[in-house]
Number of protein chains: 2
Amino acid sequence: MSLTAEAPGRHGVLEAAARRFVAQGYAATTVRQIAEDSGIKAASIYHHFASKEDLFAAVLDEGIRVMVDAFEEVGLVAQSSDLRLLAHVRAHLGTLFEHGPFTAAHVTAFFTAPAEVRERIVPVRDGYERRWNRLLRETIDAANRELPLLRLLLFGSMNSTIEWFDPDGETSLDQLAALITDQFLNGAKSRKKGA
Amino acid sequence: MSLTAEAPGRHGVLEAAARRFVAQGYAATTVRQIAEDSGIKAASIYHHFASKEDLFAAVLDEGIRVMVDAFEEVGLVAQSSDLRLLAHVRAHLGTLFEHGPFTAAHVTAFFTAPAEVRERIVPVRDGYERRWNRLLRETIDAANRELPLLRLLLFGSMNSTIEWFDPDGETSLDQLAALITDQFLNGAKSRKKGA
DNA sequence: GTCTATAGGGAGATAGAC
DNA sequence: GTCTATCTCCCTATAGAC
């Protein structure tokens, strides 16, 4: 929660770690940096986590938990399927920019995780992907074998925002979510200039 | 070019480095690993490159060069603008999966590059992005402030394929390029199941 | 739950012979 | 252009006191 509290506890360490992993990646981050950000000494990290890899796995886990929670919180809004998709796109973007550094760390660092860590996370990750497949099946009418591909393209668009979107800039997260959703469903051609 | 040649030379080292950076990221890759893959000793790397960062910058440079070359090679095909976009999407995917490891290394590792390296590369990268903005302006009719955003979404979709697409799987690169282009231009809703 | 002290290893890089 | 040998630094992790 804080960077300088006297006893940050497990969660404080976890959050400082996630922030570093986002900024530098896993390998480039040292336990000493995480400790310094947390306001404790490096050796104290090992009271909360057995190893740096263990800490990394905990960050990835929390990243998924935040995503799944946000997805479930959108709930079964009884609107059109297009608006339901928009709500979930907005929620996913929210996890990247508004709900702490965990999901961002997951998205940017998962790919570079050591194989053992990655295998440990995959089952949880699958649950989130299944939720999206179900959602998309209710929204678009593509062939069954195309649907996971379209989901991956949408994920690619959404997750790439972590590399370039500035939540304090001209475009708001709401606007970005609307743009991504409309582009995904109706295509870039539908966005006529003469609006 | 080869992993075990007696004198791999600068290019062999560069290629081995790119492969490692794709697989492990920059920080997790050691100069000793690159040397071993190249068939030389670690100290010999420093005959070709002043430092590991220097080698990294050379890999990123080459990654852009490959992208720009592929873009230019598509040329001014006098087809419809949709088909021209398809050709460029196919060319970009080709740089990720068919033209060596340099572009893949650029896409996956650029974000984690040390600030000095990144700043050195940005101007070259800008040239590639300008080419795409120009291409998209001829293809879609979106508002001027939306166009760069739409390009970033398309880049996000295309570049994410490096994390999940298997060029030896069921779907070919040609099919993937067609799917991405059609989804980008016309949206996922246009892909009706009853085809 | 945090500290000091330190073990043990591997990293990037250099010197100088061939 | 590549080698062997080595420097120096900093990494993860442990031991044991408070």
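Letters go in sequence order (proteins before strands), and every chain restarts at 1.
Sorted by first and then second residue, the side chain to side chain donor-acceptor pair (under 3.5 Å) pairs with a member in residues 103-122 of chain B read B:His106-B:Arg125; sequence neighbours excluded. Sorted by first then second residue, the side chain to side chain donor-acceptor pair (under 3.5 Å) pairs that include residues 90-102 of chain B, not counting sequence neighbours, are B:Arg90-B:Glu98, B:Arg90-B:Asp174, B:His92-B:Tyr128, B:His92-B:Asn159. Screening residues 32-54 of chain A for ring-ring contact (aromatic ring centres under 6.0 Å, His included), with sequence neighbours left out, gives no hits.
Atoms NZ (A:Lys41) and C1' (D:dC18) sit 16 Å apart, rounded to a whole Å. Regarding A:Ile40, its CD1 atom lies at a distance of 21 Å from the P atom of D:dC18, rounded to whole Å. In this structure, B:Glu36 places its CD atom 14 Å from C1' of C:dG10, rounding to the nearest Å.
In this structure, A:Lys189 fails the cation-pi test against B:Phe184, since its NZ or CZ atom is not both closer than 6.0 Å to the six-membered ring centre and inside 45 degrees of the ring normal. For A:Arg151 and A:Phe155, the positive end sits near the middle of the six-membered ring, less than 6.0 Å away and at most 45° from its axis.
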Each nucleotide N or O in nucleotides 9-11 of chain D that has a protein N or O under 3.5 Å away: list the pair and distance.
unit_1, atom_1, unit_2, atom_2, d
D:dC11, OP2, A:Arg32, NE, 2.9

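Without hydrogens or angle criteria, A:Ser44 side chain to A:Ile40 main chain gives no donor-acceptor distance under 3.5 Å.
Counting heavy atoms from C-beta outward, B:Leu149 and A:Phe165 have side chains that stay 4.5 Å or more apart.
Residues from residues 43-50 of chain A with heavy atoms under 4.0 angstrom of DNA chain D, sorted by number: A:Ala43, A:Tyr46.
Residues forming a side chain to side chain donor-acceptor pair (under 3.5 Å) with B:Glu170 (at least two apart in sequence, or on another chain): none.
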